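Have a look at the structure below before the remarks.
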Amino acid sequence: MKTVYRNLDDVFAAANIESGASLSFHHHLRDGDAVFNAVAEMLLKRKTEHLSLFPSSVFPCHTGLLQLLEKGAVHNLTTNYISGSVARHLGMHGLSGTLTMQSHGGRARALIAKESKVDVAFIAAPAVDREGNVTGTLGKAACGSLGYGVEDAIHADRVVALTDTVLERIEAPQIPGKHIDEIVVVERIGAASGIMSGTTHPTEDPVGVKIARSAYTLIRTLGLIEDGFSFQTGAGGISLAVNAHMHRHLREHHVKAAFISGGITRYHVKMLEEGLVDRLYDVQCFDTDAIRSLRENERHIAISASDYANPDNPKRVIKDLGVVILGAAEVDLEFNVNVTTDSYNNIIGGSGGHSDTAEDAAVTIIVAPLLRGRTPLITNKVTTVTTPGKDVDCLVTERGIAINARRRDLIDRCRRNGVDVMTIQELMETAHAFSGVPKKKVYKGRAYGVVHDRRGEPLDRLYTKR
Amino acid sequence: MSRSFLFVPGDVPRMLQNAAVFDADTVIVDLEDSVSITRKEDARHLTDAFLRRHPDATTPHYVRINPLGSDDFKTDVKLVCALPASGVVMPKVTVDALQRLDQLFSAEKCRLDVYGIVESARAFTEIHAIAAHRLIKGLILGAEDLSADLGITPGLGNETLEHAMASLVLAAKAFAKEAVDSPCVSVADDERLQEEITRALRMGFTGKACIHPNHVDAVNRAFLPDEKALLKARRIYEKSRELQSVRFALDGEMIDKPVIERAKALIARAERYRKRGPSA
């Protein structure tokens, strides 16, 4: 039986959390997360300073983090993705220490290697039993897979599970009770509407529809769809539209995929239930159908971030990945991709699994509009490197496809099958014919952040806007 | 001959910019119904700038002008004559309107192809003369306005509308012009779009207009000869050449000159569209 607390005050006292502490959080409750803010409230109340925080992602709901930043209480922030007001604050004011942007696999690796040393991990736990076993598929704030919280629970010095649902017994927990030190029961750990904020649909935007169709044509032309192949599309609108093409293709041609990995949506679940894919390896559920499937279908398997993408883990799922479809805010002539900042140097996200899957997948395809309004996708040099060009194979836009010269095999296969391939320079010039050549503003304020590759090597730096 | 005709409002920069990316065989920049009366001048200005700066050699760009009798008719014709446009789409086409257009073309020393939108009961009383007119490249059915004129509800299964469709196809084919079906107005109803396409093919239309870019691919695919039909057409054509005859049996079926001509036309159409590249 674990110690059960009714408030965070007692936990803070028991765990001796004070200035200089290193604390981690997972983001499976996404924009409905109430756990981070509850902890932040305690940190503010106790006037703690010089904190090192390791949230796996930061969402607009994380106003508590903004308050901590405004008070100057956060020294280092290590995360995989940032959106909302925290992103804006960091771009303007930076940090006293360092913002480290990791990939999902890189975060897991750093936790295991103790490069990210966490004193206390706060695990948002949708359901817990008296032994501390945790699952994400049950409870008022069920969110499905807890993949990004598993390594925190295993490797932090102390682990606190916050929950609003205590059950008698949890069979097959995602986080076994042996890793949990304390349980805190609170009124609610998350708001359902925010938890489902990842819910998306295949795009109906005509440009996105065209890009998705071209990406599918490319995948088919390259001969990548065959029995036993695997793919990952994520939950973006264009990616899900590619997924819809794949779904139809598998059904019509009686092909069965071995697995789909990564973030899982209802569209992937449907493919599993129709027998078109053998397994779903789920590191994150995006909607209620995915949560229900994870609970009920034994071929829908929750995996940890390490089993998903840790480069040091030889059993990681994505090392067998055939095709990955990824987005981009910017791509440069070296095929480097930026999904971390926009061209004004504002943080707009981060790698998540972008650089992990790009490196491991046999074929990495970027799908993005060549022009967003008057802003061209392709630039001489991306504002921030999130994923190095050496790991990017194809770029599919509404006005053509470019393939990295390193992949002569793919270029030849396309040409043999009558699919036009442009150089990335030609694609850029096509965009410039409409937009003109944009004047690039170089932001070199104070360097406050670093983008790491999945092995912890720096890829690029982040600068304040002034 | 085009399979798909995509209408794009002439006053929306983003849509003009992307008009050519959807693989429509023909783009129609619209100055008429999709442009409000207060934005006609803006639309002309934007269309002018767009077609001058971004002439697209691979996709014909037509301009739908405002109809005869409107304040904008003459201004639109003058504009189009000065542009690198492939031609004009004339709404509410009649023989009188074509004659007036012809006069304006002469005055402007220009000669452009014209697709006429047949969308009034009166136009159907003179549809053969319209189809025969020297300017006319093809006829486009305007089912919505025609239905309003007739006081009927447009849609599948309306006998009067299907009679009009058949009349348009017959007139166009009689004078070797294109017959283009009305656009599907149900933007997100794929089933309805497919039903309309199937009907258009069955009735002999050569293409279909689109008011949403997401319809273009389905239209292109449908109007591309299917592989089975193409294979048979090739076998017919090859056997006629081999036998040097226009009358023979193939797979138990009697083949004569019209069948061979149809096979040749099908092969030519397939080749033409294949050169444009697959839509998907």
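Below, chains carry the letters A, B, ... as their sequence lines are ordered, and counting in each starts from 1. Note that the structure is a prediction, hence the values are computed from the model and not measured.
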Just to verify, what does A/Asp420 make a side chain to side chain donor-acceptor pair (under 3.5 Å) with, not counting sequence neighbours? none
Can you tell which of B/Arg53, B/Gln17, B/Arg14 has the highest number of heavy-atom pairs within less than 4.5 Å of chain A? B/Gln17
Looking only at heavy atoms, what is the nearest atom pair of B/Val21 and A/Glu398, with distance? CB-O, 3.7 Å
If you take all heavy atoms of A/Arg213 and B/Phe22, which pair is closest and at what distance? NH2-O, 4.4 Å
Between chain B and each of A/Asp205, A/Val209, A/Val419, count heavy-atom pairs under 4.5 Å; write down the option with the most. A/Val209
Determine which residues belonging to residues 364-382 of chain A lie within contact range of chain B, meaning some heavy atom pair is under 4.5 Å apart, and list them by number or answer 'none'. A/Leu371, A/Gly373
Interface residues of residues 322-335 of chain A facing chain B - non-hydrogen atoms under 4.5 Å apart: none
What do you reckon, is [atom1] of [X] surrounded by more than 12 foreign heavy atoms closer than 6.0 Å?
X        : atom1 : result
B/Lys239 : NZ    : yes
A/Arg406 : CZ    : yes
B/Arg52  : CZ    : yes

Residue pairs involving residues 400-439 of chain A (criterion ring-ring contact (aromatic ring centres under 6.0 Å, His included); sequence neighbours excluded): A/Phe434-B/His54
Once you round to the nearest 0.5 Å, how far does NE2 of B/His212 lie from CD of A/Glu204? 8.0 Å
